[in-house]
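Data first, discussion second: the structure below is written as structure tokens.
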Amino acid sequence: MIRIIEAKDYKDMSRKAANIISAQIILKPNCVLGLATGSSPIGTYDQLVEWYEKGDLDFSGVSSVNLDEYRGLDRENDQSYYYFMHKNLFDRVNIDPARTNVPDGTEPDAEKECARYEALIDSMGGVDLQLLGLGHNGHIGFNEPAPVFPKTTHCVDLTESTIEANKRFFASADDVPKQAYTMGIGTIMKAKKILLVVSGADKADIVAKAFFGEVTPEVPASILQMHGDVTLVADEAALSKIPR
Ligand code: F6R
């Protein structure tokens with residue numbers, strides 16, 4: 001069952017999502033947050049930073065694990081997800097950097113890095129609240145449409161549509177990394193709670209398909225229909241095609 005919270009616009013979506021994350025931190029100050037990159041959560045992070053600056057939020061006990069990272073990009077690369085997280089959240093609040101985790105894109109041994117990351121999440125006691133964005137093809141993390149749902153953290157070949165969508169951040173499509181390390185669908189489904197943020201008319205079709213259509217690995221996010229505690233916070237435009 002998916003709980004849907006309708007927001008007016010991106011700002012309102014970000015505020016509502018930040019409220020849910022904030023409640024999680026207040027209820028369990030030593031919680032494990034699963035975090036995402038992309039344009040969808042930036043406003044949420046900005047709102048959390050604002051509340052932190054006001055003294056309303058304390059990240060000192062919080063740990064985090066990010067969904068994914070490009071394979072081959074190092075931490076200093078301004079397109080790495082490590083860099084993104086520091087710029088948009090970690091460097092702006094009092095989270096302990098030693099307790100923040102992003103897959104290591106520079107580890108050339110994919111199997112080793114993915115096994116390490118999966119074991120790390122387990123050793124932390126699992127994710128309390130996983131924040132997700134939604135790709136136009138229904139991907140979550142970098143779990144692209146496929147014949148089966150990938151279970152654990154793994155190395156993926158990015159699809160043309162994802163490379164196309166992400167090239168705006170690089171000098172050209174040729175510069176976009178072709179692979180990434182990502183939590184698997186099984187890893188994501190193990191999170192106790194899931195919070196999805198989706199905004200914009202360009203996501204309206206995939207929102208309807210993923211949450212009101214058939215559960216299939218060809219639409220990876222559709223599996224969330226089987227999770228017991230999912231909250232979708234989306235703006236009016238993104239919800240414009242769901243059955244009412
Ligand atoms: C980001 C991630 C991706 C994005 C998705 C939506 O860590 O794993 O699944 O959440 O591509 O991206 P935006 O928010 O830029 O539309």
Side-chain angles (χ1 to χ4, degrees), residues 7 9-11 13-14 17-18 21 33-47 64-71 73 77 79-90 100-105 114 117 121 127 129-146 149-150 153-170 176-177 179-185 187-189 191 194-207 209-211 217 219-224 230-235 237-239:
D9 50 24
Y10 181 83
K11 194 166 176 20
M13 172 198 80
S14 302
I21 297 172
L33 297 179
L35 298 174
T37 62
S39 17
S40 308
I42 290 181
T44 306
Y45 295 149
D46 285 342
Q47 182 62 76
S64 72
V65 280
N66 260 78
L67 277 171
D68 43 16
E69 178 62 285
Y70 287 120
R71 187 178 187 196
L73 296 195
N77 188 306
Q79 292 309 325
S80 75
Y81 287 174
Y82 177 95
Y83 189 98
F84 175 103
M85 287 312 302
H86 279 265
K87 179 169 132 228
N88 289 292
L89 185 66
F90 300 156
T100 65
N101 300 279
V102 181
D104 181 1
C114 295
Y117 204 68
I121 299 170
V127 172
L129 177 65
Q130 176 67 56
L131 178 62
L132 296 176
L134 177 66
H136 289 105
N137 59 5
H139 74 213
I140 46 176
F142 270 132
N143 294 280
E144 303 282 17
F149 290 111
T153 303
H154 60 290
C155 181
V156 283
D157 296 327
L158 303 183
T159 61
E160 276 312 311
S161 87
T162 299
I163 292 172
E164 201 46 38
N166 290 358
K167 76 167 187 216
R168 62 198 149 123
F169 303 115
F170 293 84
V176 185
Q179 289 186 314
Y181 296 146
T182 181
M183 284 186 195
I185 292 291
T187 326
I188 294 171
M189 288 295 280
I194 290 177
L195 170 62
L196 252 133
V197 281
V198 189
S199 155
D202 54 315
K203 299 268 175 86
D205 282 322
I206 195 62
V207 166
K209 209 168 156 185
F211 306 123
V219 183
S222 64
I223 191 76
L224 299 175
V230 178
T231 304
L232 165 65
V233 182
D235 61 14
L239 293 176

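One-based numbering, in listed order, for ligands and for the atoms of each.
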Evaluate the side chain to side chain contact (heavy atoms under 4.5 Å, CB included) criterion for residues V197 and T44: first the C-alpha distance (whole Å), next the side-chain angles of each, then the deciding distance (0.1 Å), finally the verdict.
-> CA-CA 9 Å; V197 281; T44 306; 4.2 Å; yes
Any idea which protein heavy atom is nearest atom 14 (O) of ligand 1, and the distance to it?
-> S40 OG, 2.5 Å
Using atom types as modelled and distance alone, determine if a side-chain donor or acceptor of N66 lies under 3.5 Å from a backbone N or O of D68.
-> no
Atom 2 (C) of ligand 1 sits nearest the protein heavy atom D68 OD2, 3.4 Å
Around atom 10 (O) of ligand 1, find the nearest protein heavy atom and jot down its residue, atom name and distance.
-> G133 CA, 3.3 Å
Which residue and non-hydrogen atom of the protein lie closest to atom 6 (C) of ligand 1, and at what distance in Å?
-> L134 O, 3.5 Å
Do side-chain atoms of K203 reach the backbone of L134 as a donor and acceptor pair under 3.5 angstrom?
-> yes
Is a side-chain N or O of Y117 found less than 3.5 angstrom from the main chain of N101, in a donor-acceptor match?
-> yes
M183 contact mode with ligand 1 (heavy-atom cut-off under 4.0 Å) | neither
Around atom 1 (C) of ligand 1, find the nearest protein heavy atom and jot down its residue, atom name and distance.
-> T37 OG1, 3.2 Å
side-chain contact (heavy atoms from CB on, under 4.5 Å) partners of D9, counting only residues at least two apart = K11, D12
Would you mind checking which non-hydrogen protein atom is closest to atom 11 (O) of ligand 1, with the distance to 0.1 Å?
-> H139 NE2, 2.7 Å
Main-chain N/O of F142 paired with T182 side-chain donor or acceptor, under 3.5 Å = yes
Selection from A180, G141, S199, G135 by shortest heavy-atom distance to atom 9 (O) of ligand 1 | G141
Mind checking whether L67 contacts ligand 1 via backbone (N, CA, C, O), side chain (CB onward), both or neither, at a 4.0 Å heavy-atom cut-off?
-> side chain
K203 near ligand 1, heavy-atom distance under 4.0 Å?
-> yes
May I ask you to check whether N166 and Y70 show a side-chain donor-acceptor distance below 3.5 Å?
-> yes
R168: heavy atom below 4.0 Å from ligand 1, yes or no?
-> yes
N/O separation below 3.5 Å, S39 to ligand 1 = yes
Contact region, N66 to ligand 1, non-hydrogen atoms below 4.0 Å, reads neither
Short side-chain to backbone donor-acceptor contact, E144 and D157, under 3.5 Å = no
Residue list, side chain to side chain donor-acceptor pair (under 3.5 Å) with T153, at least two apart or on another chain | E118
